[in-house]
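Heads up: the structure comes next, in structure tokens.
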2 protein chains.
Amino acid sequence: MEFRQLSYFIAVVETGSISAASRRVHVAQPALTRQVRLLEEDLGTRLLERHARGVSLTVAGKALYDEAVQLLDRRTQIRTRLSALGQGLIGKVSLGVTVTHLWVPEVAALLRHYRDRYAKVAFEVFPLLSGPQLERLREGSLDAGILYLDSAEQPGLQTRLLQHDHLMLAVPEASRWATRPLNRLRELNDADFVWGFRSVSPVYYDRVMAHFDRLKFEPRVVQYGADNITILSMVAAGLGIAIVPSASSAHPMPGVCFLHLDELTACDMPLWMAWRSTNDSPALHNLIGLVDEVFR
Amino acid sequence: MEFRQLSYFIAVVETGSISAASRRVHVAQPALTRQVRLLEEDLGTRLLERHARGVSLTVAGKALYDEAVQLLDRRTQIRTRLSALGQGLIGKVSLGVTVTHLWVPEVAALLRHYRDRYAKVAFEVFPLLSGPQLERLREGSLDAGILYLDSAEQPGLQTRLLQHDHLMLAVPEASRWATRPLNRLRELNDADFVWGFRSVSPVYYDRVMAHFDRLKFEPRVVQYGADNITILSMVAAGLGIAIVPSASSAHPMPGVCFLHLDELTACDMPLWMAWRSTNDSPALHNLIGLVDEVFR
DNA sequence: TGCTGACATGCCGTACTGATATGGCTAGAG
DNA sequence: CTCTAGCCATATCAGTACGGCATGTCAGCA
């Protein structure tokens with residue numbers, strides 16, 4: 001039982017004769033006669049009753065016709081499905097993003113464009129910090145991540161630079177910091193700092209602390225928050241000031257003022273997209289391709 | 001996309017390497033390499049990632065594997081289904097039987113044996129008189145019938161003799177006919193007869209009337225019944241006596257006495273099985289085959 | 001650095017498939 | 001009743017596809 005034999009057989013059934021079928025499938029009549037006979041021998045059952053004028057179906061032939069139509073339909077379905085999969089038009093992609101960067105216009109545009117262009121792809125966005133993203137990328141439960149890295153070289157991963165973040169100062173609108181001009185970091189020696197947990201986001205904090213070490217500046221921390229939103233909320237409440245990635249300023253926060261400081265701007269915080277080198281998912285690579293359009 | 005390629009591909013996936021698969025399917029490794037490549041070219045998608053140690057699946061490959069397994073399963077299902085159909089182990093058979101003959105032990109045995117031996121065949125028995133059976137056989141809505149025929153030669157039909165019925169006299173148990181010895185038909189000249197409608201069962205009544213014409217006997221009909229059961233019920237009620245096929249006596253009827261008369265026994269009523277000559281249903285032919293066992 | 005195991009490539013013989021020519025059969029027209 | 005057209009079957013030949021063998025290439029491992 002071969003696909004060719006089945007499609008020949010279908011043509012014979014639908015045209016009512018082998019000769020008519022031969023015209024339809026553009027194959028000589030003896031070839032069809034033989035293929036039908038081979039099919040019958042293979043199945044061990046007569047499929048057609050031969051008459052002087054065309055053929056008629058046996059019981060088995062009727063049953064095979066229905067099945068054959070389904071089988072061939074199924075084959076073309078698989079074809080189109082695989083083709084769509086190969087072009088990344090269907091399938092699944094999971095992407096990790098830090099909540100902070102969901103507010104960055106380019107990141108938002110990337111997600112939106114991908115959803116629009118590849119509407120049939122199951123596109124899942126997971127709000128995760130850099131550390132958990134890395135873990136999940138390595139274990140394969142995440143296809144791609146938008147995250148901070150300590151280096152562009154990550155074993156088993158491929159990376160692409162999205163943009164350069166830096167550091168900014170977030171101060172309560174009502175505080176003296178918001179109005180008084182500020183130039184050097186050491187002017188903040190006696191300021192109260194709201195800080196995050198290194199354990200939650202080691203990649204980010206290691207980088208920040210290394211920068212501060214170089215500047216010989218040590219913030220006086222009076223309060224800790226689990227994530228950027230919490231920290232900024234504390235700043236808005238007047239509990240202190242905070243160091244935040246510049247991406248945070250993309251999200252206006254009532255009661256919070258974002259300030260530039262040369263010494264903070266100098267701290268380069270590259271934002272990367274990363275994915276498993278062995279991940280060949282076309283849907284993923286379409287996402288990566290979109291990055292080139294959005295992040296020029 | 002051919003079945004062979006799919007089964008090769010499945011072997012490759014399940015063994016994890018082309019070489020291992022070649023040992024499993026007993027085909028040289030280069031042949032597998034080529035068939036997989038042809039499959040990939042045909043589908044326009046890479047299915048395997050080749051490594052120094054075996055191969056791994058791409059996204060498309062994983063999808064194809066699942067589909068291919070289903071497709072091949074489907075093929076073997078079709079095989080077994082067609083084989084069963086060809087042997088008449090599954091399928092449908094419809095059989096017409098006159099209600100009267102359902103009581104005949106051999107007919108009952110035929111139905112019972114067929115149901116037992118071919119339990120998976122949808123076997124439908126339609127209680128029909130000879131006339132309607134003939135119609136339905138000709139129009140194809142009935143596969144076979146157990147019926148009276150005016151001739152063994154029926155255009156488009158094949159026939160097989162089952163048994164010879166004849167005529168009997170049915171009289172009320174309480175009547176004088178039941179006790180007084182009876183020899184000749186003419187003794188019934190003044191008897192009240194319960195009769196059937198020729199229009200309902202022309203085959204039967206034409207035969208009966210032809211016989212009576214030869215005997216120059218004309219029954220005095222006082223009552224009509226639509227079928228044998230009704231007629232026999234009328235006899236039991238004392239409304240008159242009736243001529244019935246001998247098969248009726250297989251069904252004991254309270255209040256009715258069946259009598260033999262040489263002149264009635266002489267009326268040969270052959271019972272036939274008939275089916276369309278063009279009907280090739282193996283299930284039907286199994287039924288016909290059983291007839292040889294039951295009606296020796 | 002050599003070895004082993006795995007995939008790729010080239011070549012050849014065989015089997016399969018299709019085209020052409022031809023014959024037999026049957027239904028329908030004259 | 002005969003004749004013919006149309007259809008299926010068979011035989012033969014050519015082209016193609018498939019599998020086997022020998023060999024090449026590459027990556028991982030000791």
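Protein chains get the first letters and strands the later ones, always in sequence-line order, with residue 1 at the start of each. It should be emphasised that the depicted structure is a prediction, and the values quoted were computed from it without experimental measurement.
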Q) Whole-Å distance between D:dA17 P and B:L39 CG? A) 16 Å

Q.
Would you compute the distance between atom CZ of B:R198 and atom CG of B:D206 and round it to the nearest 0.5 angstrom?
A. 4.0 Å

Using atom types as modelled, flag every donor-acceptor pair under 3.5 Å from a side chain in residues 18-25 of chain A to any protein atom, sequence neighbours excluded.
from	atom 1	to	atom 2	distance (Å)
A:S22	OG	A:S19	O	2.6
A:R24	NH1	A:E14	OE1	3.4
A:R24	NH2	A:E14	OE1	2.6

(Q) With salt bridge (charged side-chain N to carboxylate O under 4.0 Å, His left out) as the rule and sequence neighbours excluded, what pairs involving residues 279-292 of chain A come up? (A) A:R160-A:D292

Q | Residues which pass ring-ring contact (aromatic ring centres under 6.0 Å, His included) with B:Y204, listed by chain and number, not counting sequence neighbours | A | B:Y148

Q: Could you note down all residue pairs passing salt bridge (charged side-chain N to carboxylate O under 4.0 Å, His left out) where residues 49-73 of chain B supplies at least one of them, sequence neighbours left out?
A: A:R74-B:E67, A:R81-B:E67, B:E40-B:R50, B:K62-B:D66

(Q) Is any side-chain heavy atom of B:R207 closer than 4.5 Å to one of B:P270? (A) yes

Q: Under the ring-ring contact (aromatic ring centres under 6.0 Å, His included) rule, collect the residues that match up with B:F3, sequence neighbours excluded.
A: A:F3

Q: Identify, with sequence neighbours excluded, every residue that meets ring-ring contact (aromatic ring centres under 6.0 Å, His included) alongside A:F126.
A: none

(Q) At 4.0 Å (heavy atoms only), tell me whether B:L32 reaches a base, stays on the sugar-phosphate, or touches nothing. (A) nothing

Q. What are the residues of residues 56-64 of chain B, sorted by number, that bring a heavy atom to within less than 4.0 Å of DNA chain C?
A. none

Q: Scan residues 1-14 of chain A against DNA chain D and write down, sorted by residue number, each residue with any heavy atom closer than 4.0 Å; if none is found, say none.
A: none

Q.
Considering only residues two or more places apart or on different chains, which pairs with a residue in residues 116-127 of chain B satisfy salt bridge (charged side-chain N to carboxylate O under 4.0 Å, His left out)?
A. B:R117-B:E293

Q: Any chance you could list the contact pattern along nucleotides 6-13 of chain C? Use B for base contacts, S for sugar-phosphate-only contacts and - for none, protein heavy atoms under 4.0 Å, 5' to 3'.
A: SBBB----

Q: Tell me what B:L38 touches on the nucleic acid: a base, only sugar-phosphate, or nothing, going by heavy atoms under 4.0 Å.
A: sugar-phosphate

Q: To the nearest Å, give me how far apart CG (A:L47) and C1' (D:dC8) are.
A: 16 Å

Q: Check the distance between C:dT17's C1' and A:D42's CG and give it to me in whole angstrom.
A: 16 Å

Q: Just jot down the side chain to side chain donor-acceptor pair (under 3.5 Å) partners of B:T80, sequence neighbours excluded, or say none.
A: none

Q. In chain order, what residues pass the ring-ring contact (aromatic ring centres under 6.0 Å, His included) check against B:Y114, with sequence neighbours excluded?
A. B:Y118, B:F123

